[in-house]
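Chain letters run A, B, ... following the sequence lines, proteins first and then strands; every chain starts at 1.
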Amino acid sequence: MNLDDLQRQVRWRLVLFLVGLSLVLFILDSTGNLDNTFSFLQDPINAVVSWTSSRVDAFATVFAGPRDLQEARSELAALQARVDELERENEQLREIQGEYQLLQDLFNRNRETPAYNRVLANVIGRDTSPFFRSIIIDKGRDDGVRVGMPVESARGLVGQVYRTADRSAQVLLLTDNLSSIPTRLIDTRAVGVTHGSTLGGLMTMDWISLEADVAIGEVVMTSGLGGRFPPDIVVGRVTQVQKREAALFQSATVQPAVDFDRLELVFVVISFTPIDTSIFDEPEGN
Amino acid sequence: MNRDLYLALPLMLVLVILQTALLSRWLILGIAPQLMLLAVLAWSLLRGPQAGLLWAVVAGLLLDLFSAMPLGTSALALILTTTSLGLIQNYLPVNRFLIPVLYGSFGAFLYLFITLLVLRLTPYAPDWSVIQMVPSYLLVHATLMPPVYWLLFSLSRALWPRRVTIEP
């Protein structure tokens, strides 16, 4: 046997060995007998693989970052625009809801006293003077509005028409210094006169009988006496009671029911049935 | 003088609409800024008492049309205010900031005081508790006077450019 033959023989034996080993490993792995061996071999290698992979990922992210960031920014801008649009829509819906509520309140108020004839008016301006509290409405003589007519809102009494033009009118508010309204306390039924002040804000109810037990929070309404205002329209609530010794009457500070700074819609009461005071008239012939 | 009147009418119409529809709702320290008062005072300072008087009459009448005050009250108060301030105007130094502020606050005080006096003579007399609003009233109007003054100063320069004579 020469050397070539020997080498050829060794080579074939090696091939056979390796094929046999492969088959053995194949059979062993298929039967689950190499798991521990695999763990022993794989773990350290996997650690190296993991480290290498993370380095590669970091390297890849550096180049992929700007593209993703740009996309994220674009998406953010689009979402922000959508949010802005939805917020605007939300505001509009809130405005509509507010108007609806206002009209609903006015409608309910109108329904409570169907005998009164009313004209709905928008508040279009306010007094230019610091000494007076009045508003300007967009209904005037052409709409049946006349000087002296009471004006109310869904929350309560607003004031009285003070001046009219053909298509607008000026309304003196309850809180004005010149305003004076006959009123009644709802619980004690005591009557008095409620008037405003120059600085506005709170009102004072005077000429309340000393016998009346006026409570804080008691509602003040129009009494209807005098015929200028319909009865039972809410004016406000008592916030303070002033009782002085040796005084003939007591007085109360009244918080108006209406928020005059936020007034948008009002009713002008064109006609109403004043309370019957004919019992005070002298009989004919005297 | 005619130009003052032609300018006063449209400008005061715009201002009274702003005053009635907008400014009365936006209170500063509880005070609604009286833009027309400031405009009259500023114009008086810029163009002299006579021009200021014209503006005072127009502004006053328009103010009273949209107020519960008797017609003529604001006009009277503004006329007396501009006349009183006009007496000292010639003695004031030329200063485009401090003088308008002082003019504005003093003019606002005079206007308020004269209006109160006039109303006290009528059935529409406000009570004396109104004195409480005086400090806020003066502060608000003194603060707002410089921008109003400068706007009208620009307008005045645009309409009446200064003529320079160069002598050889």
Side-chain angles (χ1 to χ4, degrees), chain A residues 121-138 140 147-149 151 158-180 194-204 206 242 251 253 258-266, chain B residues 12 15-37 59-71 73-74 77-78 108 111-120 122-134 136-138 140-141:
Chain A
N122 289 298
V123 176
I124 57 173
R126 291 168 200 276
D127 204 303
T128 54
S129 164
F131 296 113
F132 291 90
R133 301 272 174 275
S134 72
I135 56 172
I136 301 167
I137 60 174
D138 64 350
V147 172
M149 284 180 174
V151 177
V158 169
Q160 200 173 18
V161 176
Y162 178 77
R163 211 184 260 169
T164 56
D166 285 341
R167 280 180 290 277
S168 65
Q170 207 159 7
V171 177
L172 198 69
L173 299 179
L174 289 187
T175 48
D176 187 86
N177 185 43
L178 297 177
S179 179
S180 207
T194 302
H195 56 87
S197 69
T198 303
L199 289 178
L202 299 174
M203 303 178 290
T204 307
D206 287 325
Q242 292 94 31
S251 59
T253 306
V258 174
D259 185 355
F260 296 107
D261 292 333
R262 289 192 167 82
L263 213 48
E264 292 176 20
L265 288 169
V266 295
Chain B
M12 288 301 163
L15 288 180
V16 80
I17 291 168
L18 283 176
Q19 181 83 46
T20 311
L22 284 174
L23 291 177
S24 304
R25 293 172 198 264
W26 295 338
L27 305 181
I28 305 171
L29 299 177
I31 303 291
Q34 303 267 291
L35 208 56
M36 294 171 79
L37 165 67
L61 291 174
L62 282 173
L63 275 172
D64 289 338
L65 278 178
F66 294 93
S67 169
M69 285 199 290
L71 190 66
T73 308
S74 291
L78 283 172
Y111 171 74
L112 203 67
F113 181 66
I114 295 170
T115 308
L116 188 59
L117 271 182
V118 171
L119 288 172
R120 292 294 296 179
T122 68
Y124 312 100
D127 52 63
W128 288 108
S129 63
V130 72
I131 301 290
Q132 293 174 40
M133 77 157 88
V134 170
S136 313
Y137 193 83
L138 296 186
V140 166
H141 290 91

> Highest number of heavy-atom pairs under 4.5 Å with chain A: which of Leu116(B), Leu65(B), Val16(B)?
Replying inline: Leu116(B)
> Which residues pass the ring pair (Phe, Tyr, Trp, His ring centres under 6.0 Å) test with Tyr137(B), sequence neighbours left out?
Replying inline: His141(B)
> Which pair of heavy atoms, one from Thr128(A) and one from Gln34(B), lies closest together, and at what distance?
Replying inline: O-NE2, 2.6 Å
> Yes or no on side chain to side chain contact (heavy atoms under 4.5 Å, CB included) for Arg126(A) and Ile135(A), after CA distance, side-chain angles and deciding distance?
Replying inline: CA-CA 4 Å; Arg126(A) 291 168 200 276; Ile135(A) 56 172; 4.0 Å; yes
> By a 4.5 Å heavy-atom criterion (distance strictly below it), what part of Ala32(B) contacts chain A: side chain, backbone, both, or neither?
Replying inline: neither
> By a 4.5 Å heavy-atom criterion (distance strictly below it), what part of Ser129(A) contacts chain B: side chain, backbone, both, or neither?
Replying inline: both
> Which of the residues Thr115(B), Leu62(B), Ile17(B) is involved in the greatest number of heavy-atom pairs with chain A at under 4.5 angstrom?
Replying inline: Thr115(B)
> Roughly how far, to the nearest 0.5 Å, is OG of Ser180(A) from CD of Gln160(A)?
Replying inline: 10.0 Å
> Tell me, side chain or backbone of Leu172(A) under 4.5 Å from chain B's heavy atoms, or both, or neither?
Replying inline: side chain
>> Arg120(B): which residues meet the salt bridge (charged side-chain N to carboxylate O under 4.0 Å, His left out) condition with it, sequence neighbours left out?
In response: none
